[in-house]
Amino acid sequence: MLDIRWICDNPKTFDKFLSQRGVSAASSVLVDQDAKRRMIQSKLQKLQERRNLASKEIGKAKGQGLDTKILIREVGDLKEKIQVLEEEEKNVSEALLNLLLSFPNNVDEDTPKGRNEDDNLELRKVGTPTQFDFPVRDHVEIGELLCEMDFKKASGLSGSRFVILSGALAKLERALGSFMLDVHTREFDFMEVIPPVLVKSDALYGTGQLPKFKEDLFKTEEDLWLIPTAEVPLTNMHAGQILSEEELPARFTALTPCFRSEAGAAGKDTRGMLRQHQFNKVELVSICHPEKSQEEHERIMEAAEEILNRLNLPYRVMRLCTGDIGFSAKKTYDLEVWLPGQKKYREISSVSNCGDFQARRMKTRFRPKEKKQTEFVHTLNGSGLAVGRCLIAVMENYQNEDGSIRVPDALKSYMDGLDVINVG
RNA sequence: GGAGAGGUGGCAGAGUGGUUGAAUGCACUGGUCUUGAAAACCAGCAUACGUGCAAGCGUAUCGAGGGUUCGAAUCCCUCCCUCUCCGCCA
């Protein structure tokens, strides 16, 4: 959510940012609505002031045994007017808030301009696409040979876009998650958390999934929502609080299942486990001082890249363009891992600086030293990494001609020293 | 799920209809005193919004939302949460 005062002061800039994301200008509506709100509020407050004064006088007069009829009638009149204005004020404020909640974050000035993912900027490549001297298989074929990846049985249980992993593959997925958490907690100072994967709508408003992206989410009958990413519970860890400066940065990491209904992506990536309704992900979240968010962003990138580096997976780093960057983000890097089965780089991590956009929504503030006024914190999040996709990457990059998979060195200790997952 | 208790400022804890945004204590900040420290004493110390160049003034907020009343932290209703006991359960 953007600061309405900033929008009123910079309507042109606001509209420019919107157009870069392909959203039409909206500043005039917001500015008008805010002016209306302030007018009503001023009016209301004057009446309330008079009412409070008169009520106090009544109290005093009664104490002295004086007549209070006239005063009481005056307040009675005021009361009616106040009720009407209160109603109006509530409606106008709510409308303004709902408007504000529906607009995306401003992107950083140096964000590459573009319409969609094709216009993202490649910053660098690390490693080179894995070479094979035999016909490569994709993870679905390998999984079938291993008899440890079952889409049919999963769809019987749960419908399309689910998978059942078993045996060594299941263990490999677990190994990946543990390995990632260990790196982040030991080497990058993130605190491991096991958060709820069901959350109230407030949390989703806080991080920006609601109200705009309802269709992407699963909701329970009890008005709880399945998290689409651990970003939601982790970023909301301090929602509504005023932190002291010493508490920053707060860094959290969690391995959770993530649930996405992906209604808009029907027909996309239908093969394999690249796009599932449920997948595991290790998430990194940082809640930090506004002046530190840039360097914190790089730090999260470092942590995420470290995983790919240790697994020796070829990848590239992308800077998302104005047309592809997420709703809450002002700056985003994507990490794309090389998938030999597709002969393509595919997203395996997205690392975003959200500035104070989410903090404003969830009211996470801190008190700067030597200052009376509170300030909104900055929030950042990144995948470190998507475990399911990482499993795919390992399977495809570490495959042998017979369909067996070599276990990456970094994971051996997590696999009881197993070197190769053999076709069974 | 059943029975009971309770949700007040950073914390503890008063306050059951009338200058109560809220006593008191602790914590914190500044000052006096002291060679320094401690102690003692004095002062300050919530958030958001509105208004104003500013000092300031005003409004709202005592879990949330409604209601009663001229006036609500205090009374009524609904919901949420926490604690204790019982039941159930991984």
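Lettering follows sequence order; numbering is per chain, from 1. In what follows, every heavy atom counts, from backbone to side chain, and hydrogens, waters and symmetry copies are set aside.
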Reading nucleotides 47-54 of chain B 5' to 3', which nucleotides get B (base under 4.0 Å from a protein heavy atom), which S (sugar-phosphate only), which -? SSBSS---

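- A close approach under 4.0 Å does not occur between any side-chain nitrogen or oxygen of A:Asn52 and OP1 or OP2 of B:G71.
- Across all strands shown, B:G25 forms a Watson-Crick or G-U wobble pair, both distances under 3.5 Å, with B:C11.
- Here A:Ile58 lies in heavy-atom contact (under 4.0 Å) with a base.
- Rounded to whole Å, the separation between the C1' atoms of B:G15 and B:G7 comes to 15 Å.
- With P as the reference atom, B:G63 and B:A73 are 10 Å apart, rounded to whole Å.
- B:G36: no Watson-Crick or G-U partner with both key distances under 3.5 Å is found in any strand.
- Between the side chain of A:Glu396 and the main chain of A:Gly341, a donor-acceptor pair closer than 3.5 Å is present.
- Under the Watson-Crick or G-U wobble criterion, with both distances below 3.5 Å, B:G58 is paired with B:C49.
- In a base pair of the Watson-Crick type (N1 to N3 plus N6-O4 or O6-N4) or a G-U wobble (N1-O2 and O6-N3), with each distance short of 3.5 Å, B:C41 is matched with B:G31.
- Within 4.0 Å (heavy atoms only), A:Lys62 reaches at least one base atom of the nucleic acid.
- Take the nearest nucleotide of RNA chain B for A:Gln48 and for A:Gln83: the residue whose nucleotide is more 5' is A:Gln48.
- Looking at heavy-atom distances under 4.0 Å, A:Arg51 makes contact with sugar-phosphate atoms alone, never a base.
- On the C1' atoms, B:G87 is 35 Å away from B:C75, given to the nearest whole Å.
- Between A:Lys90 and B:G66, a side-chain N or O to OP1/OP2 separation shorter than 4.0 Å is present.
- Checking B:U78 for Watson-Crick or G-U wobble geometry (two distances, each under 3.5 Å) identifies B:A64 as its partner.
- The pairing partner recorded for B:G87 is none, the criterion being a Watson-Crick or G-U wobble arrangement whose two distances lie under 3.5 angstrom.
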